[in-house]
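Encoded as structure tokens, the structure appears first; notes follow it.
Just so it is clear, the model here is predicted, and its values are computed rather than measured. Chain naming here is simple, since letters A, B, ... match the order of the sequence lines and numbering starts at 1 in each.
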Protein chains: 2
Amino acid sequence: MTLPTIEELNLLHATICQAVGDPRRMQILYALHAQSRNVTAISECLDIPQPTVSRHLAVLKNSGLVTAERDGRSVIYRLVDERIIGVADTMRDILRDSLERQSDILE
Amino acid sequence: MTLPTIEELNLLHATICQAVGDPRRMQILYALHAQSRNVTAISECLDIPQPTVSRHLAVLKNSGLVTAERDGRSVIYRLVDERIIGVADTMRDILRDSLERQSDILE
DNA sequence: CTCACATATTCGGATCTGTGAATATGTGAC
DNA sequence: GTCACATATTCACAGATCCGAATATGTGAG
């Protein structure tokens, strides 16, 4: 893997990083990982207002991480690339180890 | 891996995600991955003003991803957890595939 | 102690992002 | 067409973040 240019990093930031860079969006990604859902279902299972969910989904769709498919009156959102969950899980591991390291130092 | 709570995601966002969520910070992470360096060296090799580098390093240090160790007059910054580079690389892969998918659709 | 190098911090301003509330658009049932 | 459900969008505002420029702090050489 070659070193990324600043232009590539800018694009990465404008898409994938921005998508992952919000707690609620990550919550939505995990919810879609468990099961594809429509907006109302996401709104209810995460207890987030519907307009907020729609806005977050627009960001996720723009990043290419999810797709939208109309099904009758509702729109089903699907996670396109499951690797993003692996990314999130690894970040959680890193954070967990970092916190552990800090508490070790305090002792 | 269990589902993250919104509290855990908030903490994750305030640390790891925030650290990765800036193009220049990611550039610094890659630079430190290649070799541990002091502030001036980073500033010069990435062509970023020194105060800006210092500020970004403070964020990265706060996230627990890098450590600072004084060595004489300079301070050497080191990447603590190399897994973050894997995370960044995977995100680049995801973006690349996403762009490819989009260009396929246009044809 | 003084000077020069190395790093960190403060300040003001511009920009971005998320949110709730309200509203608009789209879709199917009847 | 009309109504109800489903989703998307607009608006104003609050908060966060980034930056360049200037300045402050810290450290070692002499």
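- Note: CZ (A/R24) to C1' (C/dG18) measures 9 Å, nearest angstrom.
- In this structure, CG of A/N10 is placed 18 Å from P of D/dT17, rounded to the nearest angstrom.
- Taking only side-chain atoms of B/R73, from C-beta outward, the nucleotide of C/dC5, D/dC18, C/dA29 with the closest atom is C/dC5.
- Among the nucleotides C/dA8, C/dT19, D/dG20, the one closest to the side chain of B/T52 is D/dG20.
- When distances run from any side-chain atom of B/P51 to the nucleotides D/dC18, D/dA21, C/dA21, the shortest one goes to D/dA21.
- Taking only distance into account, the side chain of B/R55 meets the base of C/dT10 through a donor-acceptor pair shorter than 3.5 Å.
- Between the CD atom in B/Q27 and the CD1 atom in B/I48 there is a gap of 5.0 Å [rounded to 0.5 Å].
- Atom P of nucleotide D/dC18 and atom CG of B/L60 are separated by 10 Å, given to the nearest angstrom.
- Using a 4.0 Å cut-off between charged side-chain N and carboxylate O, A/R24 and A/D22 make no salt bridge.
- The side chain of B/T40 places no N or O atom within less than 4.0 Å of a non-bridging phosphate oxygen (OP1 or OP2) of C/dC5.
- One atom, OH of B/Y77, and another, P of C/dT7, lie 8 Å apart when rounded to the nearest Å.
- Residue A/Q18 is in sugar-phosphate contact alone, with no base atom involved, counting any heavy-atom pair closer than 4.0 Å across all strands shown.
- Note on B/H56: every side-chain N or O is 4.0 Å or more away from OP1 and OP2 of D/dC18.
- Atoms CG (A/D22) and P (D/dT17) sit 12 Å apart, rounded to a whole Å.
- Remark: the A/Q50 side chain and the D/dA6 base include no donor-acceptor N/O pair separated by less than 3.5 Å.
- Atom CG of B/D71 and atom C1' of C/dA6 are 12 Å apart (whole Å).
- Side-chain N/O atoms of A/N38 include one lying less than 4.0 angstrom from OP1 or OP2 on D/dT7.
- Put simply, the side chain of A/S63 gets close to the backbone of A/L60: a donor and an acceptor are under 3.5 Å apart.
- Residue order along DNA chain C, read from the 5' end via each residue's closest nucleotide, puts A/G21 first among A/G21 and A/R70.
- One finds no salt bridge joining B/E44 and B/R37 here, because no Lys/Arg side-chain nitrogen approaches an Asp/Glu carboxylate oxygen to under 4.0 Å.
- As judged by a 4.0 angstrom heavy-atom cut-off over every strand, B/S54 is placed among the base-contacting residues.
- What separates CG of A/L46 from P of C/dG18 is a distance of 16 Å, to the nearest Å.
- Taking atom CZ of A/R25 as the reference point, atom P of C/dT17 lies 9 Å away to the nearest angstrom.
- Remark: the backbone N or O of B/G21 is paired with a side-chain donor or acceptor of A/H13 at under 3.5 angstrom.
- When atom types are taken as modelled, the side chain of A/R55 and the backbone of A/A58 share no donor-acceptor pair closer than 3.5 angstrom.
- Within 4.0 Å (heavy atoms only), B/S74 reaches sugar-phosphate atoms of the nucleic acid but no base atom.
- Among the protein residues, A/H13 comes within range of no part of the nucleic acid, since none of its heavy atoms lies under 4.0 Å from any strand.
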